[in-house]
Amino acid sequence: MEVGFPPLSERRLTVLSGPSGVGKSTVVAELRRAHPEVWLSVSVTTRRPRPGEVNGVHYFFVDGEEFDRLVESGELLEWAEFAGNRYGTPREPVLKKLAEGVPTLLEIDLEGARQVRRSMPEALLVFLAPPTWEELEKRLRGRGTEPEDVIARRLEAGRVEMAAESEFDLTLVNTSVQDVCLRLIALMTDPQGVTTTTNREV
Ligand SMILES: Nc1ncnc2c1ncn2[C@@H]1O[C@H](COP(=O)(O)OP(=O)(O)OP(=O)(O)O)[C@@H](O)[C@H]1O
Ligand SMILES: Nc1nc2c(ncn2[C@@H]2O[C@H](COP(=O)(O)O)[C@@H](O)[C@H]2O)c(=O)[nH]1
């Protein structure tokens, strides 16, 4: 049975959230490899770049002063502090892509998703969940990009994010990156894609 989501033209904005380490970036990279027509917003962050991360590609890396300026000037659609750093979505490029009718994706944290829910209620909010909590810890540690104290902060935030799953329109469990991508692209490009009354899918 179809649930009451608005038609595609009014819900081209899709938000992907979920605990740190669940696989959001992996899923998005795979999705964009297969579907380059999907546009991913490049966020601004005060976090230091990880090895291999490129300014303007993975993030716009800025200092605290510049982030303050962006907030004060209203240039961010949403922003949040996550595990000691700040992250935000530049407003203008998102509005431009939406006006052009381009399927647009934000990969952001829970606080950011809540702000988008308030300011753009037509957006589709998708929660990416791990198969188990143990698997989440394994992925986060296995990525090897953060020291243990940062991993602990991210897992603490992850508990809060997991508890908020029901705020999202839909949950996809990231057991298989391929399966999640297929489902996500169907949701983004096919008005019939949202055809379930249950929040959680496997
Ligand atoms: N379905 C999967 N099965 C096994 N490993 C996976 C799967 N999806 C992602 N991973 C691995 O989990 C780790 C974390 O993935 P990724 O960096 O994409 O997470 P994230 O949700 O974007 O994290 P963050 O919010 O911290 O940026 C990576 O090492 C990735 O290769
Ligand atoms: N609210 C926002 N959250 C964002 C944005 N860009 C990324 N994120 C989220 O931050 C955490 C940590 O990311 P990492 O790259 O340091 O691992 C993760 O949940 C991202 O989804 C944003 O613009 N706004």
Side-chain angles (χ1 to χ4, degrees), residues 1-18 22-45 53-62 70-71 73-80 87-129 165 167-174 176-201:
M1 193 177 109
E2 183 96 11
V3 287
F5 290 114
L8 178 70
S9 57
E10 294 169 32
R11 63 168 171 83
R12 276 190 185 270
L13 181 63
T14 303
V15 171
L16 186 66
S17 289
V22 69
K24 299 180 296 296
S25 302
T26 307
V27 163
V28 168
E30 175 58 20
L31 183 106
R32 294 193 68 235
R33 192 191 59 73
H35 292 275
E37 73 274 18
V38 171
W39 182 76
L40 174 70
S41 166
V42 179
S43 297
V44 177
T45 184
E53 283 185 330
V54 177
N55 190 37
V57 175
H58 298 93
Y59 280 106
F60 294 105
F61 295 98
V62 299
L70 291 168
V71 172
S73 62
E75 287 177 56
L76 300 181
L77 181 66
E78 62 72 34
W79 70 273
Y87 301 79
T89 302
R91 182 192 303 275
E92 208 50 47
V94 172
L95 298 185
K96 184 167 178 284
K97 291 293 174 185
L98 290 173
E100 290 168 358
V102 175
T104 296
L105 189 58
L106 308 185
E107 185 207 319
I108 60 177
D109 84 328
L110 171 65
E111 286 306 324
R114 283 174 171 158
Q115 290 169 45
V116 173
R117 171 69 93 208
R118 284 196 291 274
S119 63
M120 303 174 93
E122 70 282 6
L124 180 71
L125 268 54
V126 179
F127 186 81
L128 194 64
E165 180 188 326
E167 293 179 31
F168 289 75
D169 296 312
L170 193 88
T171 295
L172 301 177
V173 180
N174 183 18
S176 150
V177 173
Q178 277 300 328
D179 290 353
V180 170
C181 282
L182 286 173
R183 190 70 183 111
L184 202 48
I185 199 68
L187 290 166
M188 290 189 75
T189 58
D190 175 5
Q192 302 304 315
V194 181
T195 53
T196 176
T197 51
T198 59
N199 171 277
R200 180 175 268 259
E201 294 187 11

Problem - Polar side-chain atom of Lys24 near backbone of Gly18 as donor-acceptor pair, under 3.5 Å - result: yes
Exercise for the section: Run the numbers on Asp109 and Tyr87 for side chain to side chain contact (heavy atoms under 4.5 Å, CB included), then give the verdict. Expected result: CA-CA 9 Å; Asp109 84 328; Tyr87 301 79; over 6 Å; no
Handout entry: Whether Ser17 side chain and Ile108 backbone form a donor-acceptor pair below 3.5 Å
Key = yes
Exercise for the section: Determine the minimum heavy-atom distance between Arg12 and Met188, stating which atoms define it. Expected result: O-CE, 4.5 Å
Fill in the blank from the handout: Arg117 and Ala123 have their tightest heavy-atom pair at NH1-O, 3.7 Å
Problem - Distance-only donor-acceptor check, side chains Glu78 and Ser119, under 3.5 Å - result: no
Problem - Partner of Met120 under side chain to side chain contact (heavy atoms under 4.5 Å, CB included), chosen from Leu106, Leu98, Leu125 - result: Leu98
Problem - Flag, side chain of Asn174 to backbone of Val22, donor-acceptor distance under 3.5 Å - result: yes
Practice task
Kindly say whether Gln178 contributes a backbone atom to a donor-acceptor pair with the side chain of Glu30 at under 3.5 angstrom?
Solution key: no
Exercise for the section: Determine whether the side chains of Glu75 and Ser73 contain a donor N or O and an acceptor N or O closer than 3.5 Å. Expected result: yes
Problem - Within 6.0 angstrom of Glu100 CD, more than 12 heavy atoms from elsewhere - result: yes
Practice task
Quick one: list whatever passes ring pair (Phe, Tyr, Trp, His ring centres under 6.0 Å) with Phe61, sequence neighbours left out.
Solution key: Tyr59
Completion exercise
Between Leu105 and the options Val126, Val94, Leu40, the side chain to side chain contact (heavy atoms under 4.5 Å, CB included) test singles out Leu40
